[in-house]
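Position 1 is the first residue of the sequence; numbering continues from there. Values in this document were obtained by computation on a predicted structure and should not be read as measured data.
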Amino acid sequence: MCLSIGAGAPARASGPVQISTAEELIAFAKRVNNGEYSLDAVLTADIQLSIYAWKESIAAFDQKSAFYEPGYTGTFDGAGHQIQAGFSDYSIFGKIDAGGVVKNLTVDGSMYSHAILAYCCAGAISNCHITGSLSPTEDNSLPLIGGIVAELGCATRTDGYAPGTVVNCTSEVNIRFEPSAVDYGYYNIGGIVGCIHKGTVDRCFFSGSIELQGAVPSCSASVGGIAGTAFADVINCGNTGSITADVFIDRNVHTWEVPVEIGGIVGNTCNLYAATPCVVNCWSAGAIQVTSAGAPAGCSAIGGGRGGYSGGLSDMANCWSTGTVTVTSPSGHSNQRGSDTCYFLEGTNYNSGGSPTFTEEEFRNGILTNKLNDYVRSHPGQGLLVWKQHPAWERPELTDSFTPEPEPEPPVTPEAPQFSDVKEGDFYYDAVQWSGPWRRG
C-alpha cells in the first residue's frame, strides 16, 4: 500500500515519497524544511500550483545571511512531469546541497525570485526544462539571477564553495530586471545560471530573453545567455536567446574600466581552478542590443568584456557565433582579448577582440564544422561533444557523441604494373601485345 504525505501521513517505509497533488508537494516542502533534508521524492502526476500558493521553497534559506544553512540532499525525481507554478516569490528549491539531486523535471513558472528552479546548487541538476517568466524584486540581497539557478556552487564554512552541476537542461525563461540606484556592488544575470562559483554547466540551452533596465552598481553588471559570470566551466552549451540592456552608469561612482559586460554565452569569465579556458565548445545565435549611458560597455556575441579579471575571449575556446551585437554608447566600447579558436560570422560582431571571422559560405559549406572537430579531436578526455553540419540550418550543430569519427584515409590508387611485371594471360599482357609496333602480324 502506498501512503502519500498529504494530511500529515508518513512517507512510505521504503522508497521515495510519491507526490501527485499540490497539497502533497507543499507538505513535502514543510517536511524538508523541518529537518528531513535527505527525503527522496518522485512525482507521479503533473502538479498545478494556484496563484501565490507556493509560499516556501524546498530547503528554504535566507540568502542574505544564512549562507551555510543545510540544503536538500535527497533525490527529487520529476519522472517527466511538470510543476506549473502561479505567481510566487519563491523558487521551487532554495538550496540543493552536496549529494542532492533534482532530475527529469519540467517547471513552468511566473516568479519574482532570483531563479525558477533553485537559488543555490552544490548538488546535481539534470534533464530539467524550465519555462516561464522571472522578474526579481529588489530585496537588498545580492542580485544573482538565473533562469534555472541563481548560484552554482554554494558557500561553505571551511572550503570556499562546494561545486554543483547543471547538465542537459533547457531554459526558455524571459527574465526582466529593473534595478534602482541601490548599490549592490555587482550583479550577474544568466539564462541558465546567474553566477558559476564552482562546478560545471554542460549541454544546456537557452532560448528565452533577458531584459535589463536601470542603474548599474558601483562594481559591475555581467549578463550572459548561459551565465552572467563563469568562474568555472561552461561546455557544450548553446544560446538563441536575446539580450537587451538599457543602463545608466554614474562615472562619479564607478571606477572599473568596463562596468557593463554582456555576452551571448557569458558576460564575464575568470577560471579560478585551472589554467585552461573555462568556456569551451559553445555557440550563440542570439542578438544583443545595448544602450549604455555614462561609460563604455564590453559586449560580444560570445563573451563580454574582461572587467577586472582575466576574462573576455581569452578564457574561451572552440566557440562560434552568428549573433548580431548593437551597442549605443556615447563613451564608446571596450576592447577585449581575442581567441584564436572563437569564430564569428563576418559582419555581425561588434567587438571580436581580433578573433577570426568566417564568411557565410564558410559557415554553410562545413569548413567551420571541420575546424571545430579538429579541436575536439586534439583535446580528448575533456567531455567535448562532436560537431556535425546541420543540413537545413547550415550551421555547426553539437551531437551527443564524445568521439569524433576518425579522419578518412586518403584513397589509395594502385600503381599500374611495370612492363617487367606483365605475364602472359593478364590484361596488361594482351594490351601490350596489341598496342605496339611489335603487335602480331
A.B. asks: Is the distance between the ring centroids of Phe358 and Phe344 under 6.0 Å?
C.D. replies: no

A.B. asks: Can you check whether Phe87 and Trp54 have ring centres sitting under 6.0 Å from each other?
C.D. replies: no

A.B. asks: What residues form a side-chain contact (heavy atoms from CB on, under 4.5 Å) with Ala45, not counting sequence neighbours?
C.D. replies: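 With neighbours one apart ignored, the set is Ser20.
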
A.B. asks: Checking Ala41 now: which residues fulfil side-chain contact (heavy atoms from CB on, under 4.5 Å) with it, not counting sequence neighbours?
C.D. replies: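 Testing Ala41 for side-chain contact (heavy atoms from CB on, under 4.5 Å), a comparison that skips the adjacent residues, returns Val17, Ile19, Phe28, Phe76.
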
A.B. asks: Not counting sequence neighbours, which residues clear side-chain contact (heavy atoms from CB on, under 4.5 Å) with Asn370? List them please.
C.D. replies: none

A.B. asks: Check residues 162-173 and write down every donor-acceptor pair under 3.5 Å in which the side-chain atom is one partner and the other belongs to a residue at least two apart or another chain.
C.D. replies:
{"from": "Thr170", "atom 1": "OG1", "to": "His129", "atom 2": "ND1", "distance (Å)": "2.9"}
{"from": "Ser171", "atom 1": "OG", "to": "Gly191", "atom 2": "O", "distance (Å)": "2.9"}

A.B. asks: Can you tell me which residue pairs pass the salt bridge (Lys or Arg N to Asp or Glu O under 4.0 Å) test with a partner in residues 200-211, sequence neighbours excluded?
C.D. replies: Arg176-Glu211

A.B. asks: Just jot down the side-chain contact (heavy atoms from CB on, under 4.5 Å) partners of Lys103, sequence neighbours excluded, or say none.
C.D. replies: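 For Lys103 the side-chain contact (heavy atoms from CB on, under 4.5 Å) partners, ignoring immediate neighbours, are Thr75, Asp77, Val101, Ser126.
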
A.B. asks: Thr44: what forms a side chain to side chain donor-acceptor pair (under 3.5 Å) with it, not counting sequence neighbours?
C.D. replies: none

A.B. asks: The criterion is ring-ring contact (aromatic ring centres under 6.0 Å, His included); which residues satisfy it with Tyr37, sequence neighbours excluded?
C.D. replies: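 None.
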
A.B. asks: Could you tell me which residues satisfy salt bridge (charged side-chain N to carboxylate O under 4.0 Å, His left out) with Glu360, sequence neighbours excluded, listed by chain and number?
C.D. replies: Arg364, Arg395

A.B. asks: Under the side chain to side chain donor-acceptor pair (under 3.5 Å) test, which residues partner Ser242, sequence neighbours left out?
C.D. replies: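 Checked Ser242 against side chain to side chain donor-acceptor pair (under 3.5 Å); zero matches.
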
A.B. asks: Run the side chain to side chain donor-acceptor pair (under 3.5 Å) test against Asp46 and tell me which residues pass, sequence neighbours left out.
C.D. replies: His81

A.B. asks: Can you list the residues that meet the ring-ring contact (aromatic ring centres under 6.0 Å, His included) rule with Tyr90, with sequence neighbours excluded?
C.D. replies: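 Applying ring-ring contact (aromatic ring centres under 6.0 Å, His included) to Tyr90 gives none.
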
